[in-house]
J.: 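This structure is in structure tokens; I'll ask about it shortly.
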Amino acid sequence: MRRVYYSYALSYTQQPMLFVGLILGGAVALFGRWTHVASITDNLLGTPLGNIPNFAAASFMSAIERGELGTVLVVLTIASLTAIAVWKLRRVQLASVWQAV
């Protein structure tokens, strides 16, 4: 029976979305630890809606200028892993739709 458990555990470790989720969860935890999320929300709510893209770009560039490279890398990791997860989940959804037809 132990071999069955080993096989079951190995089947989970071979899933690429598992690693995407683990790394994404770690990046979100680091982001929450390194930044004060409440102040980010207050700053975004205090910014006019049309200026939010400029505000985000300026905040990102000022973080690079101040030497907060870790925060910048975590944000880039979150953005890229979210894009990968959405892309893979969309492919799975489309495959299941085509299978049903």
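All values below come from the heavy atoms of this structure, side chains included, with hydrogens, waters and symmetry mates left out. Counting from 1, the numbers follow the sequence of the chain as shown.
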J.: Strictly distance-based, threshold 3.5 Å: is any side-chain N or O of Asn51 a donor or acceptor partner for the main-chain N or O of Thr47?
T.: no
J.: Are the side chain of Thr82 and the backbone of Ile78 linked by a donor-acceptor contact shorter than 3.5 Å?
T.: yes
J.: Do Leu81 and Leu18 sit in one hydrophobic cluster, given that two such residues count as connected whenever their side-chain heavy atoms are within less than 4.5 Å of each other, even indirectly?
T.: no
J.: So if you build clusters from Ile, Leu, Val, Met, Phe, Trp, Tyr with side-chain heavy-atom gaps below 4.5 Å, do Leu44 and Val28 land together?
T.: yes
J.: Nearest 0.5 angstrom please: Ser62 OG to Phe55 CZ, how far?
T.: 8.5 Å
J.: Report whether Leu73 and Leu24 are members of the same hydrophobic cluster (ILVMFWY, side-chain heavy atoms less than 4.5 Å apart, transitive linking).
T.: no
J.: Going hydrophobic residue to hydrophobic residue with side-chain gaps under 4.5 angstrom, can you get from Leu76 over to Trp34?
T.: yes
J.: Under the side chain to side chain contact (heavy atoms under 4.5 Å, CB included) criterion, do Ile23 and Val20 qualify, and how do the steps go?
T.: CA-CA 5 Å; Ile23 296 170; Val20 170; over 6 Å; no
J.: Start with the C-alpha distance between Leu89 and Met17, add both sets of side-chain angles, then the distance that settles side chain to side chain contact (heavy atoms under 4.5 Å, CB included), and finish with yes or no.
T.: CA-CA 9 Å; Leu89 290 173; Met17 286 297 287; 4.0 Å; yes
J.: Give the C-alpha distance, both sets of side-chain angles, the deciding distance and a yes or no for side chain to side chain contact (heavy atoms under 4.5 Å, CB included) between Thr35 and Thr71.
T.: CA-CA 8 Å; Thr35 59; Thr71 305; 3.8 Å; yes
J.: So with a 6.0 Å cut-off around CG of Leu49, is the heavy-atom count from everything else above 12?
T.: no
J.: Shared ILVMFWY cluster between Ile84 and Phe19, side chains joined below 4.5 angstrom?
T.: no
J.: Distance from Lys88 atom NZ to Gln15 atom CD, nearest 0.5 Å?
T.: 10.0 Å
J.: Step by step, work out the side chain to side chain contact (heavy atoms under 4.5 Å, CB included) result for Arg91 and Leu94.
T.: CA-CA 5 Å; Arg91 268 189 21 198; Leu94 288 176; 5.9 Å; no
